[in-house]
Amino acid sequence: MLDKWKYRAQNALVSNIMWSFLAKICAMFFYFIADVFYARFLGIDAYAEWVFFFSVANMAFCMGWFGINISSKVHITKSEEREKCFGAAIGVRMEVSIVLFFIIIGSAPFIASAIGYPQPYINLKKLIYIIGGMVFLDSFTEFFKQFYIGIQKFKELCLITLVEYFSYCLFSIFFLFIDSAPTSIAFGYCAAGVVVLVCNALIVSKKYNTDLVLQGIKNLQQQKKILKYAMPLVLTSLGGLVLMEMDTFMLGLFCTKEQISVYSIAKQLVSKATNVNMAIWTGTVASLAMITKENFEEKKTKFIRVSRLNNAASLIICVCFVLFGKTAIRFVYGNEYMAAGNILILLIPYYFLFCMSSLYANFLDFMGHAKTRAFWFVSVIVINICLNYLLIPIYGASGAAIATIVSLIPYTIYCLCDVQKMYKNNVFI
């Protein structure tokens, strides 16, 4: 009987990884189709404006998550009354998203003027206004994706990821044919966000009892718990946005449009490659984090296997970057973006560090170590901003790459050491 249970659990684990992997492949495929189209259709200057704006948008997305999506995932996963807990979580998500929407709309003119409007980015003011809608819709898109991960419904995650990135690609290209400006891409993202929100609502309405969800929305005590655990995760979200976008943002402020364009292409290739690693551990960490005295050794062994698989996949992708990266960029994006190949090679250490730290950080969140992790993640913010400020004006895109790599080293060491310490001391929740 025990062997039969283990066999089913192992099959479920493999199935989760496969569905998660398929979701990431879909996201990468449609993202790069759209991005290559933007680069070739808009040209290097207009594409640079979109890239600069999208770095701002990504930072706004991270702020919009406000730690609530991960906090909700953890609480829903561990709750015995998931429908009510889901209702409380969606209530918190709605309230925070509405507040942030009005904050962004109200401050849009000041933000635009401060970071590059009307020169060199002539569409920036309109784009900042559109960010309000993008952040509102993205906060729900990310909320539902984290929800599916928490309850281990990876078929639904795969489906919604396919709809999301297909819609981004479809609507943005459609609007670009109407008006060939970066604002058209932003409108496309908003249209796609509405489609994804409707699809998520339909999925959840079929799965959950609406009355119980409504009861959860009124549960202020549960909402406070979710919001309280989200607070330290806000810091990690801010650190994440610094790690992902601060380099691109500062390149847009201090360097030429060519520098920001080629750096963005290389950084996006590296960032999207991490989806392969995330597919490996996204489908497993939620189950591996449920540790008791009885299953401690079994969970420890499985986690080590996942970690080794994650590292092996990282090494294979690094080799592919070295062998084929430059040729692929030249063939797909065109000769005017060839310099991105050198930046791609320079960013390989960042990719490897990010993949290791993300796996361990995700595990630590499930184990209730979000506060400590948030403290260490502050180092990423401080180091990254300081080094970007010092290196970008001198070395341009190469300086941004070096700053990104160095800023991640202390945090990665912490994540590795903390998880090892937990297993060595037999710590569990």
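Owing to the predicted nature of the structure, the values given are computational and were not obtained by experimental measurement.
Ring geometry, Phe321 versus Tyr351: the interplanar angle exceeds 60°, so the pair is classed perpendicular (tilted spans 30 to 60°). Classified by interplanar angle (parallel below 30°, tilted 30° to 60°, perpendicular above 60°), the ring pair Phe147/Phe86 is tilted. Taking the six-membered ring for Trp and thresholds of 30 and 60 degrees, Trp50 and Phe53 have ring planes inclined between 30 and 60 degrees apart. Between Tyr168 and Tyr165, the ring-plane angle classifies as perpendicular under the 30° and 60° cut-offs.
Put simply, the side chain of Thr141 does not reach to within 4.5 Å of the side chain of Leu197, judged on heavy atoms. In this structure, Pro109 and Tyr129 have side chains that are in contact, with non-hydrogen atoms separated by less than 4.5 Å. Side-chain contact between Phe61 and Met134 is present, with at least one heavy-atom pair separated by less than 4.5 Å. Side-chain atoms of Ile98 and Phe102, non-hydrogen and from C-beta on, do get closer than 4.5 Å to each other. Annotation: side chain of Phe175 is not in contact with side chain of Leu170 (no heavy-atom distance under 4.5 Å). Leu127 is not listed as a side-chain neighbour of Val56, based on a closest heavy-atom distance of 4.5 Å or more. Ile173 places none of its side-chain heavy atoms less than 4.5 Å from the side chain of Phe41. Side chains of Leu269 and Ile329 form a contact here, defined as non-hydrogen atoms less than 4.5 Å apart.
Minimum heavy-atom separation, Cys199 to Val163: SG-CG1, 4.0 Å. Residues Ala48 and Ile260 come closest through the heavy atom pair CB-CG2, 3.6 Å. The heavy-atom pair separating Asn384 from Thr404 by the smallest distance is ND2-CA, 3.6 Å. For the residue pair Asn69 and Glu142, the shortest heavy atom distance occurs at ND2-CG, 3.4 Å. Closest non-hydrogen pair, Pro410 versus Ile383, comes out as CG-CD1, 3.9 Å. Taking each heavy atom of Phe101 and Gly133 in turn, the nearest pair found is CE1-N, 3.8 Å.
Checked by atom type and distance alone, the side chain of Ser357 pairs as donor or acceptor with a backbone atom of Phe354 at under 3.5 Å. A side-chain donor-acceptor contact under 3.5 Å links Arg93 to the backbone of Trp65. The closest donor-acceptor contact from the side chain of Asn200 to the backbone of Val196 lies under 3.5 Å. A distance-only check finds a donor-acceptor pair linking the side chain of Ser407 to the backbone of Ala403 [under 3.5 Å]. Between the Glu49 side chain and the Ile122 main chain, a donor and an acceptor come within less than 3.5 Å of each other. Using a distance-only test at 3.5 Å, with no hydrogens or angles considered, no donor-acceptor pair links the side chain of Gln146 to the main chain of Ser72. Ser55 places a side-chain N or O within donor-acceptor distance of the main-chain N or O of Phe52, the cut-off being under 3.5 Å. A distance-only check finds no donor-acceptor pair linking the side chain of Ser264 to the backbone of Val51 [under 3.5 Å]. The closest donor-acceptor contact from the side chain of Ser261 to the backbone of Lys257 lies under 3.5 Å. Under a 3.5 Å cut-off, the side chain of Thr412 and the backbone N or O of Leu408 do form a donor-acceptor pair.
With hydrogens and angles left out, the side-chain atoms of Ser358 and Asn277 include no donor and acceptor closer than 3.5 Å. Neither side chain, Tyr189 nor Asp138, offers a donor N or O lying under 3.5 Å from an acceptor on the other. Side-chain atoms of Ser307 and Tyr360 form a donor-acceptor pair, as typed in the model, at a separation below 3.5 Å. Residues Asn123 and Thr183 have side chains that never bring a donor and an acceptor to within less than 3.5 angstrom of each other.
Once rounded to the nearest 0.5 Å, the distance linking CZ of Phe110 with CD1 of Ile128 reads 13.5 Å. Within the model, atoms CG of Leu22 and CG of Leu162 stand 8.0 Å from one another, a figure rounded to the nearest 0.5 Å. How far NZ of Lys224 is from CG of Asn219: 10.5 Å, rounded to the nearest 0.5 Å. In this structure, the separation between CD1 on Ile104 and CD1 on Ile130 is 12.5 Å, given to the nearest 0.5 Å. With rounding to the nearest 0.5 angstrom, the CG atom of Leu353 is 11.5 Å from the CG atom of Leu347. Residue Ile185 holds its CD1 atom at 10.5 Å from CG of Asp179, rounded to the nearest 0.5 Å.
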Please evaluate residues Asn311 and Leu315 with respect to the criterion side-chain contact (heavy atoms from CB on, under 4.5 Å), reporting the C-alpha separation (whole Å), side-chain torsions for both, the decisive distance (0.1 Å), and the verdict. CA-CA 6 Å; Asn311 291 339; Leu315 287 172; 5.6 Å; no

For Phe144 and Ile90, what are the C-alpha separation, side-chain angles and deciding distance, and is it a side-chain contact (heavy atoms from CB on, under 4.5 Å)? CA-CA 9 Å; Phe144 281 103; Ile90 201 72; 4.0 Å; yes

Evaluate Phe187 against Phe174 for ring pair (Phe, Tyr, Trp, His ring centres under 6.0 Å), listing each step before the verdict. CA-CA 10 Å; Phe187 282 127; Phe174 172 77; over 10 Å; no

Steps toward salt bridge (Lys or Arg N to Asp or Glu O under 4.0 Å) verdict (Glu156, Lys207): CA-CA 11 Å; Glu156 287 82 352; Lys207 180 178 177 59; 5.9 Å; no

If you apply the rule side-chain contact (heavy atoms from CB on, under 4.5 Å), what do you find for His75 with Lys225, and how did you get there? CA-CA 9 Å; His75 280 83; Lys225 290 180 180 179; 4.0 Å; yes

Apply side-chain contact (heavy atoms from CB on, under 4.5 Å) to the pair Leu227 and Gln223, showing each step before the final yes or no. CA-CA 6 Å; Leu227 193 59; Gln223 289 184 13; over 6 Å; no

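In this view, Tyr337 and Tyr47 satisfy the ring-ring contact (aromatic ring centres under 6.0 Å, His included) rule, not counting sequence neighbours.
A cation-pi arrangement is present between Lys267 and Tyr350, with the terminal nitrogen or guanidinium carbon under 6.0 Å from the aromatic centre and inside a 45° cone about the axis. Note that Lys272 lies outside the cation-pi zone of Phe32, set by a 6.0 Å cut-off to the ring centre and a 45° limit from the axis.
By the neighbour-count criterion of 12 heavy atoms within 6.0 Å, atom CD of Glu81 is sparsely surrounded, having that number or fewer from other residues, nucleotides or ligands. The local environment of OH in Tyr31 is crowded, with over 12 non-hydrogen atoms from other residues, nucleotides or ligands closer than 6.0 Å. No more than 12 heavy atoms of other residues, nucleotides or ligands lie within 6.0 Å of OH in Tyr389, so this atom counts as exposed by the packing criterion. Under a cut-off of 6.0 angstrom, the local environment of CZ in Phe166 is sparse, with at most 12 non-hydrogen atoms contributed by other residues, nucleotides or ligands.
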